Amino acid sequence: MRRPRSYPEGHASDPELANGRLVPRYWDAPQPPHPRPFWRVLLQRHAALPAAEAEPSLCALPLTLRPFTDTPNPRGLGAQTFKMGGTPSWAQDPEYYRCA
């Protein structure tokens, strides 16, 4: 079983389950310590118009995808770069748990 090492209890990567499923209304419940569900930040209730000038610290660039053959290294890890598909390459080694 692979678990993140540094996430706090109740993190979205470790949700509360009931019979193997998310608890009822999981997506609508507040996510402590925040007062509302995290996904609501994605909604634009009062959409703003674009600023007159572009933000100087951001620069829009095209995303170009090209074929890539991912060859695992001797440890079985794929290329450590941005990629879609291919062999996984974990930043951390997996953790193996043993029941007492």
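These figures come from a predicted structure and were not determined experimentally. Because only heavy atoms are used, hydrogens play no part in the values below, and waters and symmetry mates are left out as well, while side chains stay in.
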Legend entry - Sequence-distant partners of R21, salt bridge (charged side-chain N to carboxylate O under 4.0 Å, His left out), two or more places apart: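 Applying salt bridge (charged side-chain N to carboxylate O under 4.0 Å, His left out) to R21 gives none.
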Legend entry - L61: partners by side-chain contact (heavy atoms from CB on, under 4.5 Å), with sequence neighbours left out: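 Counting only residues at least two positions away or on another chain, L61 forms a side-chain contact (heavy atoms from CB on, under 4.5 Å) with C59.
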Inset, instruction - Check side-chain hydrogen bond (donor to acceptor under 3.5 Å, both in side chains) between S57 and all other residues, then give those that pass, not counting sequence neighbours. - result: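 S57 satisfies side-chain hydrogen bond (donor to acceptor under 3.5 Å, both in side chains) with E55 only.
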Would you be so kind as to tabulate the donor-acceptor pairs closer than 3.5 Å made by side chains of residues 74-83, with sequence neighbours excluded?
from : atom 1 : to  : atom 2 : distance (Å)
R75  : NH2    : D93 : OD1    : 3.0
Q80  : NE2    : S89 : OG     : 3.3
K83  : NZ     : D70 : OD2    : 2.5
K83  : NZ     : A79 : O      : 3.1
K83  : NZ     : T87 : O      : 2.6

Inset, instruction - First locate atom CG of L17, then atom CG of N19, and finally report the distance between them rounded to the nearest 0.5 Å. - result: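 It is 9.5 Å, given to the nearest 0.5 Å.
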